[in-house]
Amino acid sequence: MAADRNLDDFAWWQSGVVYQVYPRSFQDSNGDGVGDLPGLLARLDHLVTLGVDAVWISPIYPSPMADFGYDVEDYTGVHPLFGTMEDFDRLVAAAHERGLKVILDYVPNHSSDRHPWFVASRSSRDDAKRDWYVWRDPAPDGGPPSNWLSEFGGSAWEWDEATGQYYYHAYLKEQPDLNWRSPEVRAAMLDALRFWLDRGVDGFRVDAIHHLIEDEQLRDNPPNPGWREGMSPTRRVIRIHTMDQPEVHDAIAAMRRVVDSYSGDRLLIGEAYLPIDQLMAYYGTDLSGFQLPFNFHLLSTPWEAKALAALIDQYEAALPPGGWPNWVLGNHDRSRVASRLGKAQARVAAMLLLTLRGTPTLYQGDEIGMTDVPIPPHLVQDPWEKNVPGLGLGRDPARTPMPWDGTPGAGFTSGKPWLPLGPEATRVNVTAQAADPGSKLALYKALLALRRVEPALSVGSYRRVSAEDDVLVYERAHGGRRLWVLLNLGRDLAMVDAPVEGAHIRVSTHLDRDGEPVAGSVRLRPNEGVVIGP
């Protein structure tokens, strides 16, 4: 079994932990209110002391910033807002010196409408790059070719008066979709991967991969009978012809071949919000796809012991032979953990994330318990919120700057931050928590340190023990060594039969029971989790 293999037989990304940096909000080095690469370099030691293994950096490419970097104008450059290519090279070298891997965002589904490729494509129907994007004639009534809807609201088709056709955009009209059925597009986009791999990047998080290819016949998506007012407008239809098309897997396999041609266990992580059975296909035939198709299901599963246990069992059972699991609790697109679950349960969630089998991904600020920051209408930046306001879809609240200390700029900037700092920044910040042995930051450090010394937690097997009332219990094992995780998801005291005699508490989410012996039963306080072992 995999759990009995030597730790050295596992790839770094199997035993490691990934930390996502949203660079605009991590650290500003020049006072313009926007985080940048020199700022990230200056804060690398925070990641080292935290105990993570890789830093995933959201887009830093040249961009008009219609969607804050996900509208790429040059796939092989660095936006001056973030610094220079020399800054990037210094960052990679400094990260590697510290034992940190560097993962870049890769945005293959669409470019900016200002990318030279699209400018050429739009210039004429006869241009050599016309078919680099998805152009179609109007429907017989002169309207859009199909009923496809944009993720950010409205039709996914934009009329181009000059050339008399529509182009397709799964997101903003400023983000035209690339045509991955074109061999030239595929070659150019794979060359972009090689450019960064040659500079020492250790892998890529591949954005919106389930949108990469659309139905060639442009068939309408069927109406969604479950849609109700207040839901995202794009959910009015069931997106069977615009997402998760079979041809996407050939494109992923091509990306994987490029990555595998480089030494050092380079990694591909795929972003696809899909049901578990569909997600499994993204591992690829014989694991020729993503090593880690992102598993977002903790974001939407009810926070109840039985529901979580059922999710874990379903996901584990669905994995293809040899497929490695992964778990996500927060990112730049979703409400923060502490806001979704409450601050007390956010500590339990941290223990769950860092003790489940598979590779965890942390989002910057979750390690100090950042919460969503309300953004007044006049300060909204997110195009999704601007296009469909008032539905709770805006992502700005989870993207606010990282508070490093209690000063007016929170140690993030000497200028005006691009998004407002949270009202808690003077108290909920890295410096304050580093001095508090019971802080959320201290908990993350303790859990990450325990993962490092206990292969049972980083690469061991998983076995559910029980899911009764508000308590979830599971076992992690490797090489004959066993640990047990007991999580109280409720607000009441719980007594749990001890899974083993003679062990002791290795860490509690309250950080006040280390070394406490276990005998008979374990007393779990409200909102408490413990790891038990020898």
Side-chain angles (χ1 to χ4, degrees), residues 1-4 276 295 297-319 325-329 337 340-342 344-358 360 443 446-447 450-451 454-534:
M1 293 177 61
D4 296 322
I276 288 175
N295 169 17
H297 287 271
L298 282 177
L299 294 168
S300 55
T301 298
W303 200 250
E304 302 164 357
K306 286 184 171 61
L308 292 173
L311 165 66
I312 298 164
D313 289 348
Q314 180 190 3
Y315 178 71
E316 285 275 356
L319 288 166
N326 72 92
W327 298 92
V328 177
L329 259 177
V337 179
R340 295 199 315 268
L341 302 179
Q345 276 298 310
R347 298 178 78 103
V348 178
M351 182 170 281
L352 176 74
L353 178 69
L354 295 175
T355 60
L356 282 175
R357 189 175 86 94
L443 173 62
L447 290 168
L450 190 60
R451 279 180 63 93
E454 291 288 0
L457 290 182
S458 59
V459 297
S461 63
Y462 166 89
R463 181 178 69 87
R464 187 218 288 207
V465 175
S466 63
E468 300 295 332
D469 299 321
D470 291 324
V471 178
L472 174 62
V473 180
Y474 51 91
E475 175 192 88
R476 301 295 312 282
H478 179 83
R481 190 171 177 84
R482 287 173 165 74
L483 291 97
W484 292 266
V485 182
L486 289 63
L487 303 176
N488 185 355
L489 308 178
R491 299 179 179 180
D492 298 320
L493 178 73
M495 300 298 294
V496 183
D497 290 341
V500 64
E501 296 290 336
H504 60 275
I505 294 176
R506 299 293 301 274
V507 64
S508 159
T509 53
H510 290 27
L511 294 174
D512 59 358
R513 300 175 71 180
D514 291 7
E516 181 180 304
V518 171
S521 61
V522 181
R523 177 177 179 270
L524 291 179
R525 290 166 289 184
N527 306 302
E528 182 181 25
V530 296
V531 179
I532 293 172

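Residue numbers count from 1 along this sequence. Below, all heavy atoms of this structure are taken into account, side chains as well, without hydrogens, waters or symmetry copies.
Counting heavy atoms from C-beta on, the side chains of S508 and R525 come closer than 4.5 Å. Contact of the P360 side chain with the R451 side chain is registered, since non-hydrogen atoms from C-beta on lie closer than 4.5 Å. Residues L489 and L308 meet the side-chain proximity criterion, which asks for heavy atoms closer than 4.5 Å. At a threshold of 4.5 Å between non-hydrogen side-chain atoms, the residues V348 and N488 do not count as touching. Under the 4.5 Å side-chain criterion, counting only non-hydrogen atoms from C-beta, R357 is in contact with L319. Residues L352 and W327 have side chains not in contact (no heavy-atom distance under 4.5 Å, counting atoms from C-beta outward). At least one side-chain heavy atom of L483 sits under 4.5 Å from a side-chain heavy atom of R506. Using a 4.5 Å heavy-atom threshold, the side chains of H297 and Q314 count as separate.
Partner of E475 under the salt bridge (charged side-chain N to carboxylate O under 4.0 Å, His left out) criterion, out of R482, R481, R464: R482 alone.
In this structure a side-chain-to-backbone donor-acceptor pair under 3.5 Å is present from R347 to T509. Side chain of E501 to main chain of G520: a donor-acceptor pair is present (N/O by atom type, distance under 3.5 Å, no hydrogens or angles). Proximity of a side-chain donor or acceptor of Y315 to a complementary backbone N or O of N326 within less than 3.5 Å is detected.
Separating the CG atom in L524 from the CG atom in D470 is a distance of 11.0 Å, to the nearest 0.5 Å. Between L353 atom CG and L298 atom CG the span is 7.5 Å, to the nearest 0.5 Å. In this structure, CG on N527 lies 11.5 Å from CG on L487, to the nearest 0.5 angstrom. Going from atom CZ of R340 over to atom CG of L299 covers 5.0 Å, rounded to the nearest 0.5 Å. In this structure, CD in E304 is found 12.0 Å from CG in L472, a value given to the nearest 0.5 Å. To the nearest 0.5 angstrom, E468 atom CD is 5.0 Å from K306 atom NZ.
Here the closest non-hydrogen pair linking E316 and P325 is OE2-CG, 4.4 Å. Smallest separation of non-hydrogen atoms from L329 and A349: CD1-O, 3.3 Å. Scanning all heavy atoms of the two residues, the minimum distance from P534 to A503 falls at N-CB, 4.4 Å. Taking every heavy atom of both residues into account, A307 and P302 meet most closely at CB-O, 3.6 Å. Residues A467 and A305 share a closest heavy-atom pair of CB-O, 3.8 Å.
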Is there a side-chain contact (heavy atoms from CB on, under 4.5 Å) between V518 and I505? Walk through the geometry before answering.
CA-CA 7 Å; V518 171; I505 294 176; 4.1 Å; yes
As a quick check of understanding, evaluate side-chain contact (heavy atoms from CB on, under 4.5 Å) for M495 and R523, giving each step before the final call.
CA-CA 5 Å; M495 300 298 294; R523 177 177 179 270; 3.7 Å; yes
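By the 4.0 Å N-to-carboxylate-O rule, R476 lies too far from E454 to be salt-bridged with it.
Counting heavy atoms of neighbouring residues, nucleotides and ligands inside a 6.0 Å radius, atom CZ of R463 exceeds 12 of them.
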